[in-house]
Participant: 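Submitted below is the structure of interest, expressed as structure tokens.
Naming: A, B, ... by sequence-line order, numbering from 1 per chain. Below, each value reflects all heavy atoms present in this structure, side chains not excepted, and no hydrogens, waters or symmetry copies. These figures come from a predicted structure and were not determined experimentally.
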Amino acid sequence: MIEARNISKSFGDHNVLKDVSVSFDRGQTNLIIGQSGSGKTVLMKCLIGLYQADKGQIIYDDRVFSEISEQEQMTIRKEVGMLFQGGALFDSKNVEENVMFPLSMFTDQSYEEKLERVNFCLNRVNLENANKLFPSELSGGMIKRVAIARAISMNPKYLFCDEPNSGLDPRTSGVIDNLIKEITEEYQITTIVNTHDMNSVLEIGEKIAFIHQGNLWWTGNKEDVLKSDNEELNDFIFASELTRRLKK
Amino acid sequence: MIRQLGSFVLLMIQAFKRPDKGSVFRKQLMYEFQSLGLESMGIVLFVSAFTGGIAALQTAYNIDNPLIPLYLVGFATRQSIVLMFSPTIISLILAGKVGSRIASEIGTMRVTEQIDALKIMGINPANYLILPKITAAMIINPFLIIFSVFISLLGGYVACAVSGIVTLSDYITGLRYEFDPFTITYALIKTVVFAFIVTAVSGFYGYQTKGGALDVGDSSTKAVVYSSMLIILFDLIITQLLLA
């Protein structure tokens with residue numbers, strides 16, 4: 001479980017996060033949703049440790065991130081997998097080397113053992129025979145799948161996904177969403193997905209945290225979203241005419 | 001300015017930590033030897049050969065006093081090549097070639113979140129990306145400069161042979177005349193310092209990149225400009241310290 005307790009973060013005079021407290025459960029796909037500029041990316045970066053919160057605590061299974069040593073923080077980082085919006089694959093490395101990279105850095109496995117793990121992860125994301133391709137030769141969906149394979153190569157306890165569907169067609173988005181959900185359940189990972197894709201919200205939102213103007217405005221699950229009478233949440237979720245009609 | 005200097009020092013402290021894994025560092029180092037060193041040999045060869053020839057011809061054509069022995073052409077060519085041209089001018093050229101490459105590579109990794117990916121994996125990105133480049137350049141650049149000296153003197157030899165303005169025996173006598181081995185030491189010390197400047201400054205500007213493609217270009221330009229300025233500044237300081 002990952003817990004954010006009273007997190008505040010400002011950039012200059014602009015308070016981006018205001019006393020946000022929320023927890024994310026293990027074995028579930030936890031979604032952070034909100035409009036652009038609402039603070040959801042900043043919250044995720046605070047959770048991962050890319051930003052230092054001005055106030056509050058981030059707790060990884062009873063380990064308070066800001067209160068442990070740098071060495072222990074490194075240990076937690078090795079338990080984290082991250083799927084970036086653009087994939088963040090290393091351009092100079094091919095698919096196999098990208099997925100193998102964390103294994104080469106943090107294990108003493110032989111090349112054969114690492115390759116076996118790489119092939120297992122690539123098979124898990126349905127990417128066989130792509131080992132020798134470079135990121136520039138991959139489609140958007142393939143990049144996301146390689147990034148997921150790299151993120152799970154070290155058997156992470158925590159998986160963060162920053163807008164995993166951005167730039168993908170609805171069908172590929174569904175594939176990526178299902179993959180994230182399956183992997184989360186299969187390996188009992190604490191998964192946090194930062195998204196504003198409504199299909200994702202309604203498909204995989206087992207726990208949803210709605211951030212509005214830097215505040216935690218609403219929490220619930222995908223069924224609660226449809227029934228909620230929270231005005232700001234409804235304005236966000238049912239922003240288009242089509243979704244309003246679907247709700248009715 | 002002071003803030004920049006502080007950020008640079010902090011980045012270098014991160015970069016000079018013990019590598020996360022020795023075998024990965026060695027692999028990176030080999031890669032950098034090739035990309036920073038071997039791939040620069042072409043331009044070093046071209047520039048050195050012609051500049052050596054030009055230095056010899058210019059010296060020869062400017063000696064119009066019959067009392068000055070012609071072997072001084074070889075002497076002046078050697079001195080200018082060893083003391084200034086090879087260590088300083090080649091380092092300036094490498095600042096353009098290698099510096100822009102380092103800054104744009106690291107800058108692109110920054111704006112495409114590849115550096116964040118390294119950080120999240122628990123890897124020290126400054127150490128992983130910058131230390132192998134600094135180490136490789138500080139080791140390989142002295143060899144490049146020795147190669148440059150050799151090719152420049154050969155260029156001068158060929159220019160003398162082709163133009164016939166100075167006999168080859170005069171040129172070689174000049175090359176050997178009053179040779180002080182310390183000038184080579186001085187040239188290599190400068191080279192090592194300049195190699196550090198180029199790679200560290202370029203790595204710094206690449207690492208500090210924020211934004212998109214335009215900012216990567218901006219970082220690349222800053223890397224070349226500031227490395228070149230620092231090379232000239234430190235050339236003066238080192239010369240005063242070592243030759244005074």
Participant: Rounded to the nearest 0.5 Å, how far does CD1 of B:Ile115 lie from CG of A:Leu50?
Facilitator: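 Interatomic distance, A:Leu50 CG to B:Ile115 CD1, rounded to 0.5 Å: 11.5 Å.
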Participant: Could you check whether atom CZ of B:Phe143 has more than 12 heavy atoms from other residues, nucleotides or ligands sitting under 6.0 Å from it?
Facilitator: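 Incorrect, the count does not exceed 12.
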Participant: Which heavy-atom pair separates A:Met105 from B:Val24 by the least distance, and what is that distance?
Facilitator: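 Closest approach of A:Met105 to B:Val24: SD-CG1, 3.5 Å.
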Participant: Kindly compute the distance separating CG (A:Asp91) from CD (B:Glu105), expressed to the nearest 0.5 Å.
Facilitator: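 So the gap between those two atoms works out to 9.0 Å.
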Participant: So for atom CZ, which belongs to B:Phe50, do other residues, nucleotides or ligands contribute more than 12 heavy atoms lying within a distance under 6.0 Å?
Facilitator: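 No, the 6.0 Å shell around CZ holds no more than 12 heavy atoms from other groups.
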Participant: Looking at A:Lys93, I want to see if its NZ is surrounded by more than 12 non-hydrogen atoms of other residues, nucleotides or ligands under 6.0 Å.
Facilitator: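 Correct, the count exceeds 12.
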Participant: For atom CZ of B:Phe150, decide whether the heavy atoms of other residues, nucleotides or ligands shown that lie under 6.0 angstrom number more than 12.
Facilitator: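 Open: at most 12 neighbouring heavy atoms sit under 6.0 Å from CZ of B:Phe150.
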Participant: Is A:Ile76 in contact with chain B via its backbone, its side chain, both, or neither, using a 4.5 Å heavy-atom distance?
Facilitator: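 A:Ile76 has no heavy atom closer than 4.5 Å to chain B.
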Participant: Could you look at A:Glu70 and say if it's the side chain, the backbone, both or neither that has a heavy atom under 4.5 Å from chain B?
Facilitator: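 It is the side chain, since no backbone atom gets that close.
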Participant: Evaluate whether atom CD of A:Glu116 has more than 12 neighbouring non-hydrogen atoms of other residues, nucleotides or ligands under 6.0 angstrom away.
Facilitator: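 It does not: A:Glu116 CD has 12 such atoms or fewer within range.
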Participant: For the interface with chain A, which of B:Lys27, B:Gln114, B:Lys119 has the highest count of heavy-atom pairs at distances below 4.5 Å?
Facilitator: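 Ranked by contacts with chain A, first place is B:Gln114.
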Participant: Do A:Arg150 and B:Met121 have side chains that approach each other closer than 4.5 Å (heavy atoms only, starting at C-beta)?
Facilitator: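 Touching, per the 4.5 Å side-chain cut-off.
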Participant: In terms of heavy-atom proximity below 4.5 Å to chain B, should A:Asp108 be classed as side chain, backbone, both, or neither?
Facilitator: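 Both parts, heavy atoms under 4.5 Å.
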Participant: What distance separates A:Lys45 NZ from B:Ile120 CD1, expressed to the nearest 0.5 Å?
Facilitator: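 Going from the NZ atom of A:Lys45 to the CD1 atom of B:Ile120 covers 8.5 Å.
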Participant: Any chance CG of B:Leu214 has more than 12 other-residue heavy atoms, nucleotides or ligands included, within less than 6.0 Å?
Facilitator: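 It does not: B:Leu214 CG has 12 such atoms or fewer within range.
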Participant: Evaluate whether atom CD of A:Glu137 has more than 12 neighbouring non-hydrogen atoms of other residues, nucleotides or ligands under 6.0 angstrom away.
Facilitator: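 Yes, the 6.0 Å shell around CD holds more than 12 heavy atoms from other groups.
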Participant: If you take all heavy atoms of B:Glu113 and A:Ala88, which pair is closest and at what distance?
Facilitator: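 Heavy atoms only, the tightest pair is O-CB, 3.6 Å.
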Participant: Can you tell if the side chain of B:Thr112 reaches within under 4.5 Å of the side chain of A:Phe84, non-hydrogen atoms only?
Facilitator: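 They are not in contact (no side-chain heavy atoms under 4.5 Å apart), so the answer is no.
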Participant: Near A:Phe101 CZ, under 6.0 Å, is it more than 12 heavy atoms from other residues, nucleotides or ligands?
Facilitator: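 Counting neighbours around CZ of A:Phe101, more than 12 heavy atoms of other residues, nucleotides or ligands fall under 6.0 Å, so yes.
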Participant: Report which part of A:Thr107 has an atom under 4.5 Å of a heavy atom belonging to chain B: side chain, backbone, both, or neither.
Facilitator: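 Contact with chain B is through the backbone of A:Thr107 alone.
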Participant: With distance as the sole test, does B:Lys21 use its side chain to make a donor-acceptor pair with the main-chain N or O of A:Ser104 at under 3.5 Å?
Facilitator: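 Yes, the answer is positive, given that a donor and an acceptor are paired below the 3.5 Å cut-off.
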